[in-house]
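I have placed the structure first, in the form of structure tokens, so that the comments after it can refer back to it.
Both ligands and their constituent atoms are indexed starting at 1 by order of listing. As the structure is a computational prediction, the values presented were derived from the model and not from experiment. When a residue number appears, it is its place in the shown sequence, counting from 1.
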Amino acid sequence: MIVVLLGAPGSGKGTQAKILAAKLGLLHLSTGDVLRRNVAENTELGALAVPFMNAGKYVPDDLINSMVEAEIDAPAAAKGVIFDGYPRTLNQAQALDALLESKNRPIDYVINLEIDPEALVVRLGGRRVCRNCGQIYHLVSQAPAKPGVCDTCSGELYQRDDDQEETIRTRQKVYTDQTAPLLKYYADRGHMLTFDAAEGIDTTAAGILAALEGAV
Ligand code: AMP
């Protein structure tokens with residue numbers, strides 16, 4: 001099963017992808033996570049990507065497309081993949097189509113998470129992430145039991161560099177200019193489902209799972 005999650009920064013793609021991947025046994029492929037791992041490990045890709053990431057801009061398509069190509073054959077992807085944060089440009093969407101076609105694994109669902117842009121600034125500003133396991137928290141709506149400490153693994157919680165307000169606004173503009181056109185690209189193919197991402201994590205996840213249920 002191949003699922004693509006679309007949505008503005010902060011719409012909850014990462015949180016939903018984690019829930020869905022665990023429930024459906026799919027590989028959660030977050031290009032943002034793969035990039036952050038490369039930055040933490042000081043790889044060549046990480047060094048190339050970090051200036052774009054810190055400015056809230058997109059990393060060049062060719063780097064991202066090759067990265068995805070390298071990840072998609074992982075054994076964990078055998079049952080399926082949930083793409084989180086990819087594709088983000090028309091070039092990436094076309095590259096993904098070509099890649100999936102070559103593997104004979106077409107996209108089954110495109111899930112679009114819809115939310116008011118101002119709500120996103122509040123959401124992203126309060127976001128904290130576990131440095132160890134990647135679990136996502138929010139200072140107001142999903143606070144950890146002990147401030148600064150992950151409930152799951154006791155790892156340290158941190159604020160992403162790109163979650164500062166000015167960078168958030170740049171990321172929103174980049175999303176509107178470069179990624180929002182993908183909604184039409186996928187809607188025209190007739191397999192896009194839109195969900196209200198403001199409803200709360202569990203309600204949104206239940207809605208998506210119910211929609212995918214017939215397919216697993
Ligand atoms: P994310 O965790 O998905 O919000 O991604 C964090 C940052 O990584 C983005 O703001 C971009 O700089 C970069 N990034 C992640 N995925 C992509 C992508 N598909 N295309 C270009 N840049 C990306």
Among M53, K57, Q178, R88, the residue with a heavy atom nearest to atom 1 (P) of ligand 1 is R88
Here the gap from L48 atom CG to M53 atom CE, rounded to the nearest 0.5 Å, amounts to 12.0 Å
Hydrophobic cluster identity match, I168 and V174, side-chain contacts under 4.5 Å: no
Here the gap from Y58 atom OH to N91 atom CG, rounded to the nearest 0.5 Å, amounts to 13.0 Å
| Are the side chain of K13 and the backbone N or O of G7 linked by a donor-acceptor pair below 3.5 Å? | yes
D188/K184 salt bridge by N-O under 4.0 Å criterion: yes
Hey, are D73 and K103 close enough for a salt bridge, meaning a charged N less than 4.0 Å from a carboxylate O? yes
Based purely on interatomic distance, does R160 place a nitrogen or oxygen under 3.5 Å from a nitrogen or oxygen of ligand 1? yes
| query | What about T31: any of its N or O atoms under 3.5 Å from an N or O on ligand 1? | reply | yes
Does an N or O from D84, backbone or side chain, lie closer than 3.5 Å to an N or O of ligand 1?
no
Going by the 4.0 angstrom heavy-atom rule, the piece of L35 near ligand 1 is side chain
Of all protein heavy atoms, the one nearest atom 20 (N) of ligand 1 is Q92 NE2, 2.9 Å
Could you say whether the N/O atoms of G85 and ligand 1 ever approach to under 3.5 Å?
yes
Within 4.0 Å of some non-hydrogen atom of R171, the atoms of ligand 1 are 4 (O)
- Query: Of all the heavy atoms in R36, does at least one lie under 4.0 Å from an atom in ligand 1?
  - Reply: yes
I want to know if ligand 1 touches S30 in the polar sense, i.e. an N/O pair below 3.5 angstrom. no
I64 heavy atoms within 4.0 Å reach ligand 1 at atoms 17 (C), 18 (C), 19 (N), 20 (N), 21 (C), 22 (N), 23 (C)
Next on the checklist: I'd like to know if the side chain of Q92 reaches the main chain of R88, judged simply by a donor and an acceptor atom lying under 3.5 Å from each other, with no hydrogens or angles considered.
Outcome noted: yes
closest protein heavy atom to atom 22 (N) of ligand 1 is V59 N, 3.1 Å
Answer yes or no on whether R189 is positioned over the face of Y185, meaning its NZ or CZ is under 6.0 Å from the six-membered ring centre and within 45° of the axis. yes
Is it the case that ligand 1 has an N or O less than 3.5 angstrom from some N or O of P87?
no
Notebook entry, point to check: Between D161 and R36, is there a side-chain N and carboxylate O pair less than 4.0 Å apart?
Noted result: no
